[in-house]
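Accompanying notes for the structure given below.
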2 protein chains.
Amino acid sequence: MTIVQLEYVIAVDRHRSFARAAKSCFVTQPTLSMQVKKLEEELNVILFDRSKKPVMTTDIGRKIIAQAKIGLRSLKKIEDVINDEKDEIKGELRLGVIPTLSPYLLPLFITDFIQKYPQVNLVIEELISEHIIKKLNDDELDLGILVTPLNEKNLIETPLFYESFVVYMSTNHPLTKKVKVAFDDLNINEMWLLKEGHCFRNQAINICADQLLAESKNQLKFESGSLETLKRIVENQYGFTFLPELAMMTMEEIKKKYIRQFKTPEPVREVSLVVHRSFLKERLINLLKDEILDHIPVHLREKGERKLVEWV
Amino acid sequence: MTIVQLEYVIAVDRHRSFARAAKSCFVTQPTLSMQVKKLEEELNVILFDRSKKPVMTTDIGRKIIAQAKIGLRSLKKIEDVINDEKDEIKGELRLGVIPTLSPYLLPLFITDFIQKYPQVNLVIEELISEHIIKKLNDDELDLGILVTPLNEKNLIETPLFYESFVVYMSTNHPLTKKVKVAFDDLNINEMWLLKEGHCFRNQAINICADQLLAESKNQLKFESGSLETLKRIVENQYGFTFLPELAMMTMEEIKKKYIRQFKTPEPVREVSLVVHRSFLKERLINLLKDEILDHIPVHLREKGERKLVEWV
DNA sequence: TAGAAAACATAGATAAAACTGATAATTGCC
DNA sequence: GGCAATTATCAGTTTTATCTATGTTTTCTA
């Protein structure tokens with residue numbers, strides 16, 4: 001059994017074709033076929049059902065491939081160990097970011113970061129918290145940027161900054177007359193929410209917890225998948241929605257007029273870097289952290305008198 | 001990078017000598033030296049300090065080897081996947097057993113098991129619960145036999161049987177006059193205990209919890225490392241100790257006279273097979289389980305009216 | 001249903017590699 | 001300095017991963 005053989009088998013499984021798998025491995029089709037066959041003979045197992053078109057992985061093949069992937073991933077990590085130890089700023093960094101942060105936070109530092117460390121291959125995925133947590137546990141991500149605390153046993157959280165919640169309301173909303181809003185000012189029947197799965201949604205609900213307990217939860221309005229959609233709905237219809245501070249910063253000045261802060265203590269969310277307990281790439285992650293902290297408004301760094309809202 | 005190269009490197013690290021490592025890998029010393037050198041060149045890393053005698057692994061080498069071991073262990077598991085899937089009764093089964101079970105439980109089924117499945121390489125370690133839990137999490141054991149519940153997130157418990165606690169007392173002890181004992185009959189100043197780390201100790205303390213709260217815990221007597229020692233102390237000095245039911249069964253008839261059961265509900269400990277969430281060798285483990293259940297007294301299988309004592 | 005196309009297997013040749021045994025170089029120790 | 005032990009180097013052999021070319025089987029289409 002060789003590493004190359006396992007890579008070939010994984011490629012066949014992925015591409016469902018020997019020829020395409022061969023191409024993806026930069027070898028000819030016979031080479032790959034022979035090696036796959038050899039491995040099958042050594043293990044005394046049929047990995048692929050070649051009678052099916054396209055090629056089907058057998059049940060036992062699937063299990064073996066799953067195990068092989070785990071093993072090869074561990075061996076790949078040897079390179080990370082070396083890069084980290086040598087302080088060489090290179091390698092792959094797989095980053096997961098939640099949708100309510102990614103469009104507002106990433107543009108602030110990404111360009112500078114990839115220019116500064118051109119040898120680093122930054123792979124970014126936008127995922128909801130639940131999926132980031134799963135992928136961190138499955139070692140499919142090196143790092144997550146999400147809202148904490150999570151209380152996950154095997155994950156380590158490093159708080160980055162504290163971002164206030166603000167209220168964005170339609171132009172003709174009576175609350176625009178106030179300078180700051182209080183929780184009681186808000187009528188939850190006018191609130192537009194993100195759909196299930198977003199931590200921001202849970203926090204918005206928690207902020208209005210008192211009212212929600214009283215009223216039926218069924219009265220919540222149409223639920224959207226992105227904050228940008230919510231903003232547009234508020235602009236074109238009636239009502240309000242919550243926004244995180246960073247989302248507000250990129251808005252046109254004219255629209256900012258319809259944003260109101262909360263009275264002290266403002267509700268705030270804690271944004272953290274999250275890694276698995278067995279993480280590598282410490283140096284790389286620290287550089288990313290420094291880069292982020294250098295590019296966000298200074299006042300976000302400290303929580304101050306604001307009040308942390310949890311979501312789990 | 002090849003699997004063979006990594007095995008060579010691991011062997012050098014273990015044997016602290018290229019020549020001995022080569023022998024253990026069944027190749028000549030130049031072969032091994034060349035492959036190690038090639039790997040060092042490919043990774044651009046010095047793994048061993050050859051100027052030191054014996055050869056020293058470098059700091060970075062140690063980290064790489066640790067990671068390589070993890071990866072190779074995962075790849076080795078491919079064989080387990082196959083054995084399990086094919087229902088082939090072979091392979092290695094690494095079992096950890098706590099000291100208060102191992103001398104009494106293992107003799108009951110071990111001989112039959114290894115005769116029945118000669119292709120299975122059963123490796124047994126006697127360890128306290130804490131170490132078994134760690135080794136299960138680190139994938140250094142396939143299976144543990146210990147006292148549950150543990151409330152460990154990543155471990156799965158399968159109860160095997162329920163074993164009563166009994167009291168073993170010196171020949172001249174007044175309690176020998178009773179047929180059964182009650183918790184209140186026991187004077188904890190006369191109790192001999194296992195030392196820290198044994199779950200059996202914690203359970204013994206929990207059984208006498210009421211008295212212990214009242215008295216100072218400092219008054220506990222000399223603490224021994226094995227139940228056999230405790231038995232001997234009780235025989236030769238004054239006092240009593242707790243024993244698990246199986247430990248009693250192997251005693252001479254004459255000594256059994258100084259054993260007393262508790263009044264209903266008897267205190268009982270739950271003995272379970274414990275595996276990691278990501279366990280393999282399901283079939284093998286099931287066979288071992290059946291073998292154990294076939295060889296223990298039938299009345300242990302059900303808890304009945306007895307009262308479970310926890311220890312964590 | 002014949003014929004073309006696609007997909008995988010097989011065969012023979014080749015170049016890279018891994019291995020061996022002998023020998024040289026290095027290091028530690030007396 | 002010289003001996004013993006250990007690792008590196010060298011030359012020759014064997015193994016094997018790979019390639020190109022070809023064969024076989026299946027699938028799609030006219």
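Chain naming here is simple, since letters A, B, ... match the order of the sequence lines and numbering starts at 1 in each.
Mapping A:V4 and B:A19 onto DNA chain D via the closest heavy atom, the residue that lands nearer the 5' end is B:A19.
Around atom CZ of A:R14, no more than 12 heavy atoms belonging to other residues, nucleotides or ligands sit under 6.0 Å away. Remark: B:E140 CD is packed, more than 12 non-hydrogen atoms of other residues, nucleotides or ligands lying under 6.0 Å away.
Taking 4.0 angstrom as the limit, B:T31 places none of its side-chain polar atoms (N or O) nearer than this to OP1 or OP2 of C:dA18. Residue A:Q35 places no side-chain N or O under 4.0 Å from the OP1 or OP2 atom of D:dT16. For A:K38, no side-chain nitrogen or oxygen approaches OP1 or OP2 of D:dT16 to under 4.0 Å. Considering only side-chain N and O atoms, B:T28 lies nowhere under 4.0 angstrom from the phosphate OP1 or OP2 of C:dC19. Side-chain N/O atoms of B:R50 include none lying less than 4.0 angstrom from OP1 or OP2 on C:dT27. Using a 4.0 Å cut-off, no side-chain N or O of B:K37 falls inside it from OP1 or OP2 of D:dT7.
For the pair B:R16 CZ and D:dT7 P, the computed distance is 12 Å after rounding to whole Å. A:F18 places its CZ atom 15 Å from the C1' atom of D:dT26, with the value rounded to the nearest Å. Taking atom CD1 of residue B:I3 and atom P of nucleotide D:dA17, one finds them 12 Å apart after rounding to whole Å. Atom-to-atom, CD of B:E42 to P of C:dA18 comes out at 10 Å; the value is rounded to the nearest Å. Put simply, CG on B:L32 is 14 Å from P on D:dT9, counting in whole angstrom units. Distance B:M34 CE to D:dA11 P: 12 Å, rounded to the nearest Å. Following rounding to the nearest Å, A:H15 (NE2) and C:dC8 (P) show an atom-to-atom distance of 12 Å. Taking atom CD of residue A:E40 and atom C1' of nucleotide C:dC8, one finds them 12 Å apart after rounding to whole Å.
Residue A:P30 is in base contact, counting any heavy-atom pair closer than 4.0 Å across all strands shown. Here A:S17 lies in heavy-atom contact (under 4.0 Å) with sugar-phosphate atoms only. Among the protein residues, B:Y8 comes within range of the sugar-phosphate backbone only, with heavy atoms under 4.0 Å from sugar or phosphate atoms but none that close to a base.
When every heavy atom of A:E40 is checked against every heavy atom of A:F48, the shortest pair comes out as OE2-N, 3.4 Å.
If you check distances only, the side chain of B:Q29 does reach the base of D:dA8 with a donor-acceptor pair under 3.5 Å.
Annotation: the span from B:E126 atom CD to B:T100 atom OG1 amounts to 8.5 Å, rounded to 0.5 Å.
In summary, the side chains of B:S33 and B:Q29 do present a donor paired with an acceptor at a separation below 3.5 Å, with no hydrogens or angles considered. A:T57 and A:D13 form a side-chain donor-acceptor contact under 3.5 Å, judged by distance and modelled atom types alone. A:H295 and A:D112 form a side-chain donor-acceptor contact under 3.5 Å, judged by distance and modelled atom types alone. When only modelled atom types and interatomic distance are considered, B:H15 and B:S17 share no side-chain donor-acceptor pair under 3.5 Å.
The C1' atoms of five pairs define one axis at each end of the helix from C:dT1-D:dA30 to C:dC30-D:dG1, and these two axes lie 30° apart (to 10°).
Here the side chain of B:R20 is nearest to one of C:dA9, D:dT6, D:dT18, namely D:dT6.
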